[in-house]
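In this text, all values refer to a predicted model and were calculated from it rather than measured experimentally. Each chain gets a letter, A, B and so on, in the order its sequence line appears, and its residues count up from 1.
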Number of protein chains: 2
Amino acid sequence: MNEVLQILKKNSLSVTEGRKKILELFIASEGALAHADIEKQTSNNFDRVTVYRTLQTFVEKGIIHQIPTTDNSVLYALCRHNCEQGHHHDNHVHFICSNCDKTICLDDVTVPQVKLPEGFTPLQSAMVVTGICLDCA
Amino acid sequence: MNEVLQILKKNSLSVTEGRKKILELFIASEGALAHADIEKQTSNNFDRVTVYRTLQTFVEKGIIHQIPTTDNSVLYALCRHNCEQGHHHDNHVHFICSNCDKTICLDDVTVPQVKLPEGFTPLQSAMVVTGICLDCA
DNA sequence: CTATTTTTGCAATACTGTTGCAAGTATTTG
DNA sequence: CAAATACTTGCAACAGTATTGCAAAAATAG
């Protein structure tokens, strides 16, 4: 409960109902959340615009990070390993369960380096693995 | 030119203007294409719906594959290494240039295997690397 | 060339995301 | 603690993106 306040303060964000609620959702949820999930789970207590802006703010502050998908949706997840200043978000692997459709951050699995062809300079890498998760096994 | 017909026949698809044109676009383009690119480059000769349906059909047949991104757009690219039946699409690395914004399939760079925590079974892996490409170096 | 199957385009609809601005809420400071 | 300031929210309007049903048109099979 206090965790939420700490995070907001630490990032010099005003403490508002919306931000508290949305942060709590992320903390409570195991996996990643899409914008639509959040709207549903807050029972439309907040304006769509507010949710968009809150997510954007959280991404900028490095509180959450975005996960790439192939289905035209963007997923968001908490940065657990207290990443600083919005850097280093993408160095863990994301797992999407094809059974329960949950997206899980494998915080302990780092994205391996790959050898790129001559002339390509890597800056950031993202990796998404699809398969069957722990709960569905 | 004939390549296009071959591909369509091989997948038992009717040969139509739209499909031919869109396939030609993919063959001509080095990188990946978004739905919007295709609409622009066909000068709106085809209905938006037709483009959507064509892309969907091509994905189902395994002619093209989707590339995950974090900005709510889906990119499509040709499967070069004649993947069969829609399998094995995601085993090469995709590169997005942060300078020119092109997305390039690195067909020769395969996605490395990662060790997942106990209980997770991988089926498919996708990897996207962001950085500076050959042309922008 | 005709019959059948497949694909297209239109219309309607729904979802997703963004911006400006006024009103409201949170924080700062004296 | 109250007033001043700064920040956040909600509304309205808008733009872009994606989906579905159905009738017309085109492609393929016989």
(message) On DNA chain C, does the nearest nucleotide to A:V15 precede the nearest nucleotide to B:N45 from the 5' side, or the other way round? Give the residue.
(response)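 Comparing both residues, the 5'-ward one is B:N45.
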(message) I want to confirm an ordering. Mapping B:H35 and B:K9 to their closest nucleotides on DNA chain D, which one lands closer to the 5' end?
(response)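 It is B:H35 whose nearest nucleotide is closer to the 5' end.
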(request) Indicate yes or no for a side-chain donor-acceptor contact from A:D47 to the backbone of A:V49 under 3.5 Å, with no hydrogens or angles considered. (result)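 Side chain of A:D47 to backbone of A:V49: a pair is present.
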(request) For A:H92 and A:D108, indicate whether the former's side chain and the latter's backbone hold a donor-acceptor pair under 3.5 Å. (result)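 No; zero donor-acceptor contacts below 3.5 Å.
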(message) With side chain to side chain donor-acceptor pair (under 3.5 Å) as the rule and sequence neighbours excluded, what pairs involving residues 33-42 of chain B come up?
(response)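 Those involving residues 33-42 of chain B are B:H35-B:E39, B:E39-B:R48.
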(message) If the cut-off is 4.0 Å, is A:T16 near the phosphate of C:dT25, judged by side-chain N/O to OP1 or OP2?
(response)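 Checking A:T16 against C:dT25: no side-chain N or O falls below 4.0 Å of OP1 or OP2.
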(request) Identify, with sequence neighbours excluded, every residue that meets side-chain contact (heavy atoms from CB on, under 4.5 Å) alongside A:V109. (result)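 A:V109 satisfies side-chain contact (heavy atoms from CB on, under 4.5 Å) with A:V93, A:L106, B:V114, B:P117 once adjacent residues are dropped.
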(request) Taking the side chain as every heavy atom from C-beta outward, state whether A:Q113 and A:P122 have any atom pair closer than 4.5 Å. (result)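 No. Closest side-chain heavy atoms not under 4.5 Å.
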(message) Contact between B:I104 and B:L134 at the side-chain level, heavy atoms closer than 4.5 Å - yes or no?
(response)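 Sidechains of B:L134 and B:I104: no contact.
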(request) Would you mind building the protein contact string for nucleotides 18-24 of chain C? One character per nucleotide, 5' to 3', B for base within reach (heavy atoms under 4.0 Å), S for sugar-phosphate only, - for untouched. (result) BBB----
(request) Give me the first and last nucleotide of DNA chain D, going 5' to 3', that has any atom under 4.0 Å from a heavy atom of chain B. (result)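 The contact span of chain B on DNA chain D goes from D:dT17 to D:dT28.
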(request) Apply salt bridge (Lys or Arg N to Asp or Glu O under 4.0 Å) to A:K115 and list each qualifying residue two or more places apart in sequence or on a separate chain. (result)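 Scan of A:K115 (salt bridge (Lys or Arg N to Asp or Glu O under 4.0 Å), adjacent residues dropped) gives none.
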(request) List in chain and number order the residues that pass salt bridge (Lys or Arg N to Asp or Glu O under 4.0 Å) with A:K20, two or more places apart in sequence or in another chain; answer none if no residue qualifies. (result)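 So A:K20 forms a salt bridge (Lys or Arg N to Asp or Glu O under 4.0 Å) with A:E17.
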May I have the distance from [X] (atom [atom1]) to [N] (atom [atom2]), rounded to whole angstrom?
X: B:F58; N: C:dT7; atom1: CZ; atom2: C1'; result: 12 Å
X: A:R19; N: C:dT25; atom1: CZ; atom2: P; result: 15 Å
X: B:F46; N: C:dC10; atom1: CZ; atom2: C1'; result: 16 Å
X: A:L13; N: C:dA26; atom1: CG; atom2: C1'; result: 12 Å

